[in-house]
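Both backbone and side-chain heavy atoms feed into the values below; hydrogens, waters and symmetry mates do not. Naming: A, B, ... by sequence-line order, numbering from 1 per chain.
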Amino acid sequence: MVNVIMNKFRIRRLPKSVACAAALIALLATAGCWDKTEMSDLAIVSLAGADFDPESQKNIIYYQIVNPSGVAKRRESGPATPFYTFKLEGNEKIGELFTDTTEYIPRKLFTAHYKALIISERLAKRGILESIHWIESLTDRRSSVPVLVSEDPLDQVMNAFTPLERLPGEAIESELFITRNISSAFGRMIRMNNIVKRMDSKRATVVPIVSFVGDPQKAAMMDRLDSVRGNTETIKFDGGAIFVRDRMVGRLNKEETRWYNFLTGQTRVLLLTLPEPPNPIVETVQAKVTRKWTWNEGEPELNIVVRAKLSLRRNTSFIPMSGQTLKKIENQFNKHAKTETMRLIEKWRDKGIDLFGIDEELKAQEGRKWRPYRENDEAWKRIRIRVTVQSQFRQLGNMIRYIEGGTL
Amino acid sequence: MKTVRIGRWQLFLLTANFTIGTTVFVLLGTLIEAGRQDAWLIPLWGGAFGCALAAFWSSLLNRYPGHNIVGVCRIVLGPKIGSAVALMYVWYCVNVASWVTRNLSDFLKMTIMPHTPMHVIHVMFLLVAGYAVVKGIEPIARLMEIFAPIMFLSFWFVLFVAVSPWEWHHFRPVFGTDLRATFLKTVSFLGFPFMQAMVVTFVWPFAGRKAMLPFVGGIAAAAVSLSAIIAFLLGIMGIYRSSHLTFPLFTLAQEVEVGSVLQHLESIMSMIWLLLIFSQLSVSLFGAFEGLREIFRLRTRKPIVAALILIISALAVTIEENIQTNLEWNQKYTFPYFSFLMIVVPLVLYAVGWIKRRTRGKTA
């Protein structure tokens, strides 16, 4: 049969020596075998953490490894926990400490898809250069991973379960990216590569802060997942940590973080209750923040223009609806937004923190007259800032007339 | 016997791919560090120089139709001196092939295959390139013709998908750097990749009479492409980060994230680079082989290519210690080394040829 085929296609039989040599050469084509990876050989890292203990001068790292049988449909037997948290500490540097995993698990760490890196506040304030190098130096880790700062001991945060998502890494990722259209609590520039990109600039990067809520003793127990209480013994987001270069230099509260994310264009959604009666809850459904540098009375001036389309769909206060009232609310919003913007800029500028990248933009200005400002590192602190807010209602929600309560 | 011919479009693609080749991965960080916000200008002036030089080489080769630079050496300087000078070009092709092979293994070991021995990567890739050379320049040119559009589209697709963190202030102030100092710092860039493009002239005898335009056009296209790639890196990653990474383009593709659907596009980048390296390696191997064939009047192909593969695979291991020493060597020696072969010798050939013609004309 073989001979028939060979004759039909005029294939010559190879001499044995040539066939052996060809087979050996073909073996070389399996070069990938040196780097072959079996799924069952991998320990898939879902979340990583880094900490530093100033007393013992030890680096501490955490990583959560996915337990496939725990993530899959629950079985009658076998471990049901969806992940295991490993804690390693020592005087070694972070890069060396991570290789100590081999002392605990018989698998290769797979870090290509971990969802977030949580850094303790004390390490963040000390500087995260080592963590940056750890992520940037090997190509199997991505620097596009979100960075979070934990204000509670990392031990609690890394050992906490999360409701709905069985893996905290997945829960954090969903929280950060799915809720972006609903709330302005998280911006887009919260990744490690955003911090690295600004390493030669004064411009700050704001990343989310996480904390632990509940009883730390109960946190690591699987039973917690059977409790109906959703927001206890879990992790919670609260405000933002300000990084300038590789160090955390301050923190924004929840309100400031929302304004920061809105004003830097990282989110278009901003929900706020206006301070003046009838105290409506106004939401921006579309917004554009532009900055323009002008030259005014011999001095440079930064013009921040906020253009927003407003909505009342989340409003729960009574409003006597009329075109005039809506115009009044628009004006209230404009005034409030202007005050908040100026307050936020001036507060952090006074502290010497360039939250909005004013220095970076000033240094990018072209022309000879800008030269003294470009060359002066302190010039951004003296720049005059003008804020203009323009808003207009576009969506009013499902209530064209609000219901008047109280006694008749 | 069938006459081997490659088309003008094929020559254009071969030249462009050869020039972009390893540059696109090895040199971008260094260029951005040197030129900062104006780094995108460096390939443009490098390309202008490369085009001028390519026009000069073309006019030299067009004086001796049907010959490559080795043939020209032998015609102008005589069989003995000419062959000795021509051997330098053969050596240069071997040298380029070794660099390219080493760049490839450096990249693969750093990114995708850290445990695979370097020698295996060298030999495997050289075997493929060697096989292509044995089959002649036509299959190599056809391969480029088939793959170039796919490479072009997928490469720019990855860059456009990654564009969301773009910031214009990374380019400003435009011309804000000391351009003279930047030029002096990046003189080596004129050598690698633009002077190196001379290796492509080994295909000249197969490219017909009107080869100058696609050749110069290929260099110009490569320069514009490199400039655009640098602009993308600057806009997306910024000066600081892109100049601190060994393979910024790979990292850029790795960090692409369009929702949870489109992620980790670095494999596309790696495949494109493997194809670019294939074009560079096969053309330089072809150059070395053609040079030897012409000098020694060889009739067989396979043993010569096999010997070249052995030499190049060994040389690739010793040609540099690591990518850092390679970059430093490139910075210091590329321009003088390449200038001798690409400017001085062709000028001498031009002058001697001109004198010879005049003398012959007078005698006649």
Side-chain angles (χ1 to χ4, degrees), chain A residues 25-37 108 112-113 115 132-133 135-146 170 173-174 177-178 188-189 191-201 203 245 265-266 291 293 357 359-368 370-371 374-375, chain B residues 33 36-37 105 107-128 131 162 164-165 167-176 234-248 250-257 259-260 263-264 266 269-270:
Chain A
I25 291 170
L27 268 180
L28 282 173
T30 55
C33 285
W34 273 282
D35 285 290
K36 79 173 169 63
T37 307
K108 283 191 273 187
H113 279 283
K115 306 294 182 187
I132 291 172
H133 285 151
I135 291 177
E136 287 274 82
S137 61
L138 263 179
T139 51
D140 58 0
R141 292 184 278 266
R142 288 197 293 181
S143 299
S144 52
V145 64
E170 302 279 347
E173 190 186 39
S174 304
F177 301 110
I178 293 179
R188 282 184 286 116
M189 312 295 230
R191 299 164 190 269
M192 186 57 103
N193 55 14
N194 299 126
I195 295 176
V196 181
K197 200 169 153 183
R198 293 174 181 174
M199 284 292 278
D200 63 341
S201 151
R203 186 173 192 167
R245 305 192 66 193
Q266 296 188 54
R291 299 194 217 177
W293 288 83
D359 179 61
E360 202 175 69
E361 282 186 19
L362 190 59
K363 289 206 161 91
Q365 295 307 310
E366 292 173 53
R368 197 171 287 172
W370 291 92
R371 200 171 171 180
R374 277 203 304 263
E375 288 172 357
Chain B
E33 193 184 2
R36 298 192 64 79
Q37 72 264 31
S105 64
F107 171 72
L108 285 179
K109 278 187 80 69
M110 192 97 77
T111 54
I112 307 164
M113 300 161 105
H115 305 295
T116 306
M118 179 196 285
H119 307 273
V120 175
I121 299 171
H122 293 171
V123 172
M124 281 309 301
F125 218 80
L126 280 165
L127 277 175
V128 179
Y131 179 71
S164 70
E167 286 177 280
W168 281 108
H169 67 80
H170 292 148
F171 296 90
R172 295 167 64 199
V174 182
F175 309 130
L234 279 175
I236 298 167
M237 290 181 125
I239 299 165
Y240 189 83
R241 187 153 185 252
S242 49
S243 62
H244 278 73
L245 293 170
T246 318
F247 303 116
F250 181 85
T251 309
L252 182 93
Q254 195 181 31
E255 291 174 1
V256 167
E257 229 171 294
S260 54
Q263 294 194 3
H264 276 289
E266 67 269 27
M269 276 294 171
S270 305

Quiz item: Has A:Arg374 got more than 12 heavy atoms of other residues, nucleotides or ligands less than 6.0 Å from its CZ?
Solution: yes

Checked A:Glu173, A:Met189, A:Glu360 vs chain B; the most non-hydrogen pairs under 4.5 Å come from A:Glu360

One option among B:Thr111, B:Thr246, B:Val256, B:Leu245 has the most heavy-atom pairs under 4.5 Å with chain A, and it is B:Thr111

If one checks every heavy atom of B:Phe250 against chain A at 4.5 Å, the contacting part turns out to be side chain

Cut-off 4.5 Å, heavy atoms of chain A, and the answer for B:Glu167 is side chain

Validation row: A:Arg142, B:Gln263 side chains within 4.5 angstrom (heavy atoms) = yes

Applying a strict 4.5 Å limit to non-hydrogen atoms, the region of A:Ser143 in contact with chain B is both

Side chains of A:Glu136 and B:His244 in contact at under 4.5 Å (non-hydrogen atoms):
no

Closest non-hydrogen contact found for A:Trp34 with B:Val120 is CH2-CG2, 3.6 Å

Separation between CD (A:Glu361) and CZ (B:Arg172), nearest 0.5 Å, reads 8.0 Å

Apply the test side-chain contact (heavy atoms from CB on, under 4.5 Å) to residues A:Arg188 and B:Ser164: give CA-CA distance (whole Å), side-chain angles for both, the deciding distance (0.1 Å), then the verdict.
CA-CA 11 Å; A:Arg188 282 184 286 116; B:Ser164 70; 5.6 Å; no

Under 4.5 Å to a heavy atom of chain A? For B:Gln254 that would be both

So, the part of A:Asn193 with a heavy atom under 4.5 Å from chain B: the answer is both

**Prompt:** Do the side chains of A:Lys197 and B:Met237 get nearer than 4.5 Å, heavy atoms only?
**Reply:** no

CZ of B:Arg241 to CG of A:Asp200, rounded to nearest 0.5 Å, is 12.5 Å

